[in-house]
Amino acid sequence: MSITFVRVDDRMIHGQTCTRWALEYPCDGIVAVNDAAANNSVLKAAYKSASGKKTFVWTMEDWQKKCQKVIESDTRYFLITKNPIDMKKILVDQNFVPDKVKTVIIGPCNDRPDAVKLGNNQSITQEEAEALEAIMQKGYEVEFALIKEAAIGNWKKFRGQFGFN
């Protein structure tokens with residue numbers, strides 16, 4: 001079974017991820033990949049306690065070493081990164097193919113001075129747009145949705161704002 005859901009969320013693990021999305025996609029555990037969080041014991045502990053599920057907070061290097069175990073596991077995991085750039089590293093650069101997952105859900109991405117606002121709490125930078133374009137070119141659908149009912153659209157709807165035809 002392994003990966004059942006792939007998400008980019010700048011808050012990574014929180015109640016909405018663990019309760020609402022788990023209704024749509026079966027989940028026994030969460031693998032969050034972010035170097036800063038994995039190297040901060042306070043953040044790591046907070047994320048682990050937030051889910052109520054088996055939770056791993058790994059660096060990108062840990063992910064590369066351990067992702068085969070995730071693939072081979074009977075446990076159903078959510079794969080979450082804090083930003084599109086890290087997700088591109090996993091899905092495109094490392095050529096990781098989540099079993100039967102064809103859609104990457106983009107959740108909260110904070111408004112920042114250098115980011116383009118696409119929707120409520122969904123803003124991305126040019127560098128993040130390039131990562132999303134690479135993920136789409138790899139064959140994934142990229143959907144922007146804080147929660148499923150509040151989806152604002154597919155990457156194809158927004159990519160022209162970042163110079164992609």
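This one's a predicted model, so the numbers in the text were calculated from it and none came from an experiment.
Formation of a donor-acceptor pair under 3.5 Å by the Thr4 side chain with backbone atoms of Pro26 is found in this model. Side-chain atoms of Asn154 do not come within 3.5 Å of backbone N or O of Lys157 as any donor-acceptor pair. The closest donor-acceptor contact from the side chain of Asp35 to the backbone of Met60 lies under 3.5 Å. Looking only at distances, no side-chain donor or acceptor of Asp28 sits under 3.5 Å from a matching main-chain atom of Thr75.
Ion pair Lys89/Asp86 flagged as a salt bridge, since at least one NZ, NE, NH1 or NH2 atom sits closer than 4.0 Å to an Asp/Glu carboxylate oxygen. A salt bridge does not link Lys156 with Glu143: every distance from a Lys NZ or Arg NE/NH1/NH2 to an Asp or Glu carboxylate oxygen is 4.0 Å or more. Between Lys117 and Asp111 there is a salt bridge, since at least one side-chain N of the basic residue sits less than 4.0 Å from a carboxylate O of the acidic one.
Gln122 approaches Ala145 most closely through the heavy-atom pair NE2-N, 3.4 Å. Between Val92 and Ala134, the shortest heavy-atom contact is CG2-O, 3.7 Å. In terms of heavy-atom proximity, Val6 sits nearest to Pro98 at CG2-CG, 3.9 Å. Nearest heavy atoms, Arg7 versus Gly107: NH2-CA, 3.5 Å. Minimum interatomic distance between Thr125 and Phe162 (heavy atoms only, all atoms of both residues): O-CE2, 4.1 Å. The minimum heavy-atom distance between Pro108 and Leu146, with the atom names listed, is N-CD2, 3.5 Å.
With a 4.5 Å cut-off on side-chain heavy atoms, Ile13 and Thr55 count as touching.
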Taking it one step at a time, do Ile80 and Ile30 satisfy side chain to side chain contact (heavy atoms under 4.5 Å, CB included)? CA-CA 7 Å; Ile80 301 173; Ile30 297 172; 3.9 Å; yes
Stepwise side chain to side chain contact (heavy atoms under 4.5 Å, CB included) test for Thr81 and Lys88: CA-CA 10 Å; Thr81 64; Lys88 176 200 170 271; over 6 Å; no
Just do the side chain to side chain contact (heavy atoms under 4.5 Å, CB included) check on Ile3 and Phe96 with the steps written out, would you? CA-CA 11 Å; Ile3 305 294; Phe96 177 75; 3.9 Å; yes
Test side chain to side chain contact (heavy atoms under 4.5 Å, CB included) applied to Val31 and Trp63, step by step: CA-CA 9 Å; Val31 178; Trp63 165 259; 3.9 Å; yes
With ring-ring contact (aromatic ring centres under 6.0 Å, His included) as the criterion, how do Trp155 and Tyr140 come out once you've worked through the C-alpha distance, each side chain's angles and the decisive distance to 0.1 Å? CA-CA 10 Å; Trp155 171 240; Tyr140 294 92; over 10 Å; no
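Under the side-chain hydrogen bond (donor to acceptor under 3.5 Å, both in side chains) rule, Gln68 has a single partner from Lys66, Glu72, Gln64, Lys65, which is Glu72. Among the candidates Arg112, Lys82, Arg159, the single residue satisfying the salt bridge (charged side-chain N to carboxylate O under 4.0 Å, His left out) test with Glu128 is Arg112.
Between Trp21 and Phe5, the gap from one ring centroid to the other is short of 6.0 Å. Ring to ring, Phe158 and Phe144 are close: their centroids are under 6.0 angstrom apart.
For the atom pair NZ (Lys48) and CG (Leu43), the distance works out to 12.5 Å, reported to the nearest 0.5 Å. Between the CD1 atom of Ile71 and the NZ atom of Lys69 there is a distance of 12.5 Å, given to the nearest 0.5 Å. Note that the CD1 atom of Ile106 and the CD1 atom of Ile152 stand 10.5 Å from one another [nearest 0.5 Å]. Interatomic distance, CG of Asp114 versus CD1 of Ile124, reported as 11.0 Å (0.5 Å rounding). Atom CG of residue Leu118 and atom OG of residue Ser123 lie 6.5 Å apart, to the nearest 0.5 angstrom. Here CD of Glu24 is found 9.5 Å from CD1 of Ile105. Values are rounded to the nearest 0.5 Å.
Crowding of Gln126 atom CD: a count of heavy atoms from other residues, nucleotides or ligands under 6.0 Å exceeding 12. Taking a 6.0 Å sphere around CD of Glu61, one finds it holds 12 or fewer heavy atoms contributed by other residues, nucleotides or ligands.
Looking at Lys138 and Asn95, their side chains do bring a donor and an acceptor atom within 3.5 Å of each other.
Cluster membership check: Val33 shares its hydrophobic cluster with Val101, using side-chain heavy-atom separations under 4.5 Å among Ile, Leu, Val, Met, Phe, Trp and Tyr.
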